[in-house]
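Heads up, the thing below is written out as structure tokens.
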Amino acid sequence: MQLLLIHSDYIEYEVKKSTPVAEKIEDSFKQGRLEEALTAFIAVEKVDEANVEGAISKAVEEIRNVATQVKAENIMVYPYAHLSSDLSSPKAGVAVLKGIEDALSGDYTVKRAPFGWYKAFKISCKGHPLSELSRSIVPDEPTGKESSSCGEAVKEEVVSEALKAESTAKSYWHVLTPDGELHDAATFDFTGHDNLGKFVDYEISKKRAVEKAPPHVELMRRLELADYEPGSDSGNMRYYPKGRLMKSLLENYVLEETSKVGAMEVETPLMYDMNHPTLKKYLDRFPARQYSIESDKRQMFLRFAACFGQFLMNHDMTISYKNLPLKMVEMTRYSFRKEQRGELVGLRRLRAFTMPDMHSLCADMEGAIDQFGKQYNMCIAVLDKIGIKVDDFEVAIRFTREFYNENKDFITNLAKTVDKPVLVEMWDTRFFYFVLKFEFNFVDALAKASALSTVQIDVENADRYDINYIDSDGSANRPVILHCSPSGAIERCIYGLLEKEAMKAEEGGVPMLPLWLSPTQVRVIPIADKHMDYAMLVADKLNCRVDIDDREDTVGKKIREAGREWIPYVVVVGDSEVESGTVNVTIRAESEPKKPVKVEMSPDELNARIAAETEGMPYKGLCLSKMLSQRPKFL
RNA sequence: GCCUCGGUGGCUUAGGGGUAUAGCGCGUCCUUGGUAAGGACGAGGCCGUGGGUUCAAAUCCCACCCGAGGCUCCA
């Protein structure tokens with residue numbers, strides 16, 4: 001059953017026309033109005049037919065809960081078929097609706113709109129945070145507190161128990177300064193911390209300033225990195241050679257970093273059985289978020305992170321306390337989340353994305369906190385190397401009050417590490433699977449925030465997946481699990497880089513990608529045909545991704561195009577270079593608009609410079625042919 | 001998913017019931033060039049898809065698909 005609950009100043013309806021499934025009604029029933037009402041728009045679904053009573057009681061429980069929270073005394077039960085594409089039979093529908101009406105009518109003033117009629121209605125929604133809520137109900141589902149699982153995607157659809165907790169456990173918003181002071185977020189002075197202010201606005205008051213397309217959407221296409229794929233589902237992109245190269249480098253880099261901290265790389269399936277006992281309950285609760293596919297007679301769903309596969313693997317493993325902390329990582333290509341259509345934007349939010357997902361099994365909370373601190377620092381370092389600096393993101397730390405009181409110094413240190421104020425969200429009780437989490441949020445050109453790196457301390461899933469380790473005394477214990485995505489989604493890192501450079505260009509700077517990620521690192525432009533041999537000689541001497549613009553165009557035009565491609569080093573060779581054996585290099589990083597910085601140097605000097613700049617970062621060769629005349633255009 | 005706006009050669013776009021605009025890119029030719037667009041000619045279009053209205057639809061109407069913004073949400 002699908003429920004849409006609207007707390008309204010009033011609701012009124014009037015029947016217009018009957019449909020073939022219309023119930024017979026008296027004239028008095030043909031219109032109705034309720035003041036200060038909670039309206040429950042309801043679509044009864046096929047699954048409800050299996051247990052009509054169960055569906056009724058679950059729905060009634062939900063409605064009562066919300067009515068209590070919003071202090072509504074009047075309830076309108078309103079059949080609304082459009083909430084579902086899998087409707088029950090009309091007979092079952094009417095039975096459920098009547099059942100709900102009867103069950104509620106003792107304690108509330110209840111009206112029910114007739115079933116099977118076209119109706120005109122007017123509703124005035126109050127617009128407060130709880131005034132619009134939706135619920136999916138599946139009858140006969142055990143209630144319990146296994147309310148969530150790995151991955152942030154579950155937040156919205158967390159089962160009723162957790163939702164109840166969320167509504168009562170209100171969020172306390174603070175700003176934590178490096179001196180350990182906890183300020184009220186509402187009254188904090190954000191002067192000098194503009195981006196944090198934007199982020200806090202985005203998080204708390206949900207304020208949106210601008211109404212234009214994000215710059216990275218045009219850039220990802222113009223730089224021939226990525227594009228929409230009309231032949232697939234929305235949010236599933238195609239990546240051209242340059243985009244694939246960048247992704248590949250980023251993926252390799254993050255995996256290398258996790259390997260350095262001892263993570264074992266594994267690979268787990270993309271799809272799982274919906275009826276697997278451990279996963280089933282969870283999935284019944286969050287079907288809307290999943291891509292589900294039918295495979296012969298089995299119902300499968302696509303993973304939205306690596307948690308499933310890794311936890312199932314952990315479950316089967318024999319783990320000693322000597323192996324802890326035990327880390328596993330996978331570069332999930334892809335993680336799938338069936339986000340709502342309106343939420344998809346360019347590379348910022350996708351339905352299929354590449355995310356490093358590392359899990360650390362720790363002996364106890366003490367060990368988990370120690371790891372949390374280390375991984376916090378690793379995330380900062382990883383983003384920094386990728387090209388997203390501490391100044392480019394804002395930190396959010398979320399925890400329970402209890403956790404804070406026991407670990408004040410630790411939390412304060414997190415703010416000290418980044419040496420700037422951070423946003424804090426605190427809850428009185430825990431209603432997610434974690435007790436502590438942080439994210440680094442990139443704030444883009446349009447003041448929108450999106451999460452990159454994150455680490456969470458998970459205190460539920462070891463139990464759910466029955467994961468244990470053997471302690472020194474021979475007893476089996478539950479580990480505490482950390483979820484960590486050191487960089488966040490790879491596509492989102494690219495989005496961040498593009499947005500950052502777009503902002504730089506806006507402010508009069510020259511945009512470019514980090515050298516180690518630039519698809520072409522050096523472009524050689526021969527002035528005339530007779531300089532081609534020397535151009536090839538130079539290209540051979542350079543140990544990097546170097547290409548040659550051998551097309552029939554003027555030098556001016558080739559320079560211009562190299563600039564539009566954000567190429568870090570542009571080398572022009574003509575008679576004088578051939579004679580001196582040098583190259584004339586335009587250094588983009590040091591240039592200003594209309595003011596290129598040109599330096600004459602030897603190929604060896606250029607090599608040394610590039611080697612120093614890309615030291616320690618992964619390398620791959622050119623992703624397109626060396627000669628520009630031989631390259632196809634992708635756009 | 002809901003609301004608003006949009007979809008015209010590969011890309012960016014003009015137009016808006018009756019031969020479809022231009023620029024870039026592409027091809028051929030001329031030009032052999034020194035740091036952000038040299039010149040000429042040419043090819044290329046089921047005007048997002050499907051219905052409807054009309055003598056006639058790219059144009060008006062409806063539905064759907066895709067994109068952008070808002071709500072919501074997140075890696």
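Just so we're on the same page: letters track the sequence lines, and every chain starts at 1. Fair warning: this is a prediction, and the values are worked out from it, not measured in the lab.
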Please classify the nucleic acid contact of [X] as base, sugar-phosphate, or nothing, using heavy-atom distances under 4.0 Å.
X: A:Thr554; value: base
X: A:Tyr228; value: sugar-phosphate
X: A:Asn584; value: base
X: A:Gly563; value: nothing
X: A:Val572; value: base
X: A:Glu224; value: nothing
X: A:Ile525; value: nothing
X: A:Leu635; value: sugar-phosphate
X: A:Gly231; value: nothing
X: A:Arg221; value: sugar-phosphate
X: A:Val570; value: nothing
X: A:Ala352; value: nothing
X: A:Ser335; value: nothing
X: A:Pro356; value: nothing

Problem set entry | Spatial distance of atom CG (A:Asp392) from atom NZ (A:Lys500) [nearest 0.5 Å] | 4.0 Å
Problem set entry | Gap between atom CD1 of A:Ile397 and atom CZ of A:Phe440 - 0.5 Å precision | 8.0 Å
[X] side chain N/O closer than 4.0 Å to the phosphate oxygens (OP1, OP2) of [N]?
X: A:Lys598; N: B:A36; value: no
X: A:Lys448; N: B:A68; value: no
X: A:Ser234; N: B:G67; value: yes
X: A:Arg341; N: B:G67; value: yes
X: A:Lys633; N: B:C26; value: yes
X: A:Thr586; N: B:U35; value: no

What's the closest nucleotide to the side chain of [X] if the choices are [options]?
X: A:Asp529; options: B:U32, B:A68, B:C73; answer: B:U32
X: A:Glu552; options: B:G67, B:U32, B:G69; answer: B:U32
X: A:Ala528; options: B:U72, B:A37, B:U32; answer: B:U32
X: A:Arg492; options: B:C74, B:U35, B:G25; answer: B:C74
X: A:Gln340; options: B:C66, B:U72, B:G34; answer: B:U72
X: A:Glu343; options: B:A68, B:U72, B:G69; answer: B:U72

Rounded to whole angstrom, note down the [atom1] distance from [N] over to [M].
N: B:C66; M: B:C60; atom1: C1'; result: 22 Å
N: B:G18; M: B:A56; atom1: C1'; result: 7 Å
N: B:A37; M: B:G23; atom1: C1'; result: 12 Å
N: B:G25; M: B:C41; atom1: P; result: 16 Å
N: B:U28; M: B:G69; atom1: P; result: 40 Å
N: B:G34; M: B:G45; atom1: P; result: 39 Å
N: B:U31; M: B:U12; atom1: P; result: 35 Å
N: B:C24; M: B:G38; atom1: P; result: 10 Å

For this session: Hey, which sits more toward the 5' end of RNA chain B by its nearest nucleotide, A:Arg551 or A:Asp575?
Result: A:Arg551
Exercise. Quick one: on RNA chain B, does A:Ile559 or A:Asp233 contact a more 5' nucleotide (nearest heavy atom)?
Worked result: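 This one resolves to A:Ile559.
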Can you check whether any acceptor in the base of [N] is under 3.5 Å from a donor in the side chain of [X], or vice versa?
X: A:Tyr495; N: B:C74; value: no
X: A:Arg337; N: B:C74; value: no
X: A:Glu577; N: B:G34; value: yes

Name the pairing partner of [N], where a pair is Watson-Crick or G-U wobble with both distances under 3.5 Å, or state none.
N: B:U21; answer: none
N: B:G42; answer: B:C26
N: B:G69; answer: B:C3
N: B:A63; answer: B:U49

Problem set entry | A:Phe41 ring center within less than 6.0 Å of A:Phe121 ring center | yes
Problem set entry | Parallel, tilted or perpendicular: rings of A:Tyr240 and A:Phe634 (30°, 60°) | tilted
For this session: Validate the cation-pi geometry between A:Lys385 and A:Tyr253: distance from NZ or CZ to the six-membered ring centre under 6.0 Å, angle to the ring axis within 45°.
Result: no
For this session: For side-chain hydrogen bond (donor to acceptor under 3.5 Å, both in side chains), just list the numbers for A:Ser360 and A:Gln375, CA-CA rounded to whole Å, side-chain angles, deciding distance to a tenth of an Å, and then say yes or no.
Result: CA-CA 10 Å; A:Ser360 311; A:Gln375 293 181 16; 2.9 Å; yes
For this session: Locate the shortest heavy-atom distance separating A:Glu224 from A:Lys633; write the atom from each residue and the value.
Result: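 Shortest heavy-atom separation between A:Glu224 and A:Lys633 comes out as OE2-C, 3.8 Å.
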Problem set entry | Test item: side-chain donor near acceptor, A:Tyr291 and A:Asp233, under 3.5 Å | yes
For this session: Have a look at A:His483 and tell me which of A:Phe438, A:Tyr433, A:Phe434 forms a ring-ring contact (aromatic ring centres under 6.0 Å, His included) with it.
Result: A:Tyr433
